[in-house]
There are 2 protein chains.
Amino acid sequence: MKVDPFKMRKETSGEEISCATMLKALADETRLAVVRQLLTNPQHVGELQVALEIEQSLLSHHLKLLRDAGIVESERDGKSVLYRLASSVELRRRGDIIDLGCCQLSFPSGK
Amino acid sequence: MKVDPFKMRKETSGEEISCATMLKALADETRLAVVRQLLTNPQHVGELQVALEIEQSLLSHHLKLLRDAGIVESERDGKSVLYRLASSVELRRRGDIIDLGCCQLSFPSGK
DNA sequence: AATTCATATCAATATCCATTCATGAAAGTG
DNA sequence: CACTTTCATGAATGGATATTGATATGAATT
């Protein structure tokens, strides 16, 4: 699985993202579940789909929303696409706590 | 301004509030502004209205949402109603950082 | 280049949420 | 009590967001 940084899609470049926007992106059970998954390790869309048990199309929409909010990044990996926490988020991460700049989120279990 | 704790409205009692629910409550510029105001000190609805410059009715709706999410509490104070951060939130507070249990929010300025 | 696999996007619908307006309720005032 | 002040609530609206099914794209495989 080779990674070409120039192929990394970062929807963050340029636009300013408000705290409310990021919170809106996270304020959804499905998207929180995605972030919880990616907190463990980067995963392909297919893996996320199996874990979350939702329609492929729906997952894709949620992933785009998370990308646009600058919370996750994606990268093509052969036929698949690999998703991970955005580097800016990953950089400030401390264990199960992710730092969005405006706020930190911890993930006790499933609440 | 006397405070009778037994008259304190806590919409939190009983119901479980998920992280997504609390984040949804905060994922709005208006409601973030309310929380920022209450971070300074408890305030009456009228004061909040002046600060936020929005319709009384609209503010009331947002306040109810924040109450239901267990983020703020209200208490009648004569003709007015005084709002403050929920005690559970206030207890865990550290400066400009509020702790919702599932997550902490800091408020740099206006982002 | 045709086919298959994995994902994204489009179009349509359904559901939710913010806002406004009109009204109601609680407390103080004359 | 009638009236005012202060806030809450309900219904109605439009706009945003979620969900689905169908189709498009891009990469690998044959």
Do nucleotides 16-26 of chain D as a string where each nucleotide becomes B, S or -: B if the base has a protein heavy atom under 4.0 Å, S if just the sugar-phosphate does, - if no protein is that close.
--SBBBB----
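Rounded to a whole Å, the CG atom of B:Leu82 is 16 Å from the C1' atom of C:dA26. Atom CD in B:Gln43 sits roughly 12 Å away from atom P in D:dC7 (whole-Å rounding). When the C1' atom of C:dA6 is taken as reference, atom OH of A:Tyr83 falls 11 Å away, rounded to whole Å. Rounded to an integer number of Å, the gap from A:Leu59 CG to C:dT9 C1' is 14 Å. Straight-line distance from the CG atom of A:Asp77 to the C1' atom of C:dT7: 13 Å, rounded to whole Å. Residue B:His44 contributes atom NE2, which lies 13 Å from atom C1' of C:dA27 at whole-angstrom precision. If you take CD of B:Glu53 and C1' of C:dT19, they are 17 Å apart, rounded to a whole angstrom. Between B:Leu63 atom CG and D:dT6 atom C1' there is a gap of 13 Å when expressed in whole angstrom units.
Mapped onto DNA chain D by nearest heavy atom, B:Ser60 and A:Gly78 fall at different nucleotides, with B:Ser60 at the one closer to the 5' end.
Among the protein residues, B:Ser80 comes within range of the sugar-phosphate backbone only, with heavy atoms under 4.0 Å from sugar or phosphate atoms but none that close to a base.
Considering every non-hydrogen atom in both A:Ile71 and A:Met22, the closest pair reads CD1-O, 3.9 Å.
Applying the side chain to side chain donor-acceptor pair (under 3.5 Å) criterion to A:Thr21, with sequence neighbours excluded, gives A:Ser18. For the side chain to side chain donor-acceptor pair (under 3.5 Å) test, residues two or more places apart in sequence or in another chain that qualify with B:Arg93 are B:Glu90.
Using a 4.5 Å heavy-atom cutoff, the side chains of B:Ile97 and B:Leu105 are not in contact. Within the 4.5 Å cutoff, the side chain of B:Gln104 has no heavy atoms near those of the A:Cys103 side chain.
Under 3.5 Å, the side chains of B:Gln56 and B:Gln49 contain no donor-acceptor pair of N or O atoms.
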